[in-house]
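Remarks on the structure that follows.
Just so it is clear, the model here is predicted, and its values are computed rather than measured. Heavy atoms only: backbone and side chains are in, while hydrogens, waters and symmetry mates are out.
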Amino acid sequence: MTAVEEARRRVQEMRAQLRDLSEAAARAEDPEQRRRLEEKARRMESRCEQESGMAGGDIYPPM
């Protein structure tokens, strides 16, 4: 597996985890738990975007 393929696979896994977190946040009844899950999802989304940019060869991180 090449480095690009590995990076794409990692981004796909992160996106799947992000979907799971977002769904869990939507289902959470406790407002504090919902807030924590939403914040975790936002951080993961940011990391995912950075990984995706690097995998695509974009040398400049999103602003």
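By the side-chain contact (heavy atoms from CB on, under 4.5 Å) test, E45 pairs with L18, E49, sequence neighbours left out. Residues meeting the side-chain contact (heavy atoms from CB on, under 4.5 Å) test with E32, sequence neighbours left out: D30, R35, R36. Applying the side-chain contact (heavy atoms from CB on, under 4.5 Å) rule to E13 yields the partners R9; only residues at least two apart in sequence or on another chain are considered. For R42, the side-chain hydrogen bond (donor to acceptor under 3.5 Å, both in side chains) test picks out E39, with sequence neighbours left out. In terms of the side-chain contact (heavy atoms from CB on, under 4.5 Å) criterion, Q12 has no residue partners (sequence neighbours excluded).
Rounding to the nearest 0.5 Å gives a distance of 5.5 Å between CD of E51 and CE of M14. Rounding to the nearest 0.5 Å places CZ of R15 at 12.5 Å from CE of M44. Atom OG of S22 sits about 12.0 Å away from atom NZ of K40, to the nearest 0.5 Å.
Nearest approach of L37 to A28, heavy atoms of both residues: CD1-CB, 4.3 Å.
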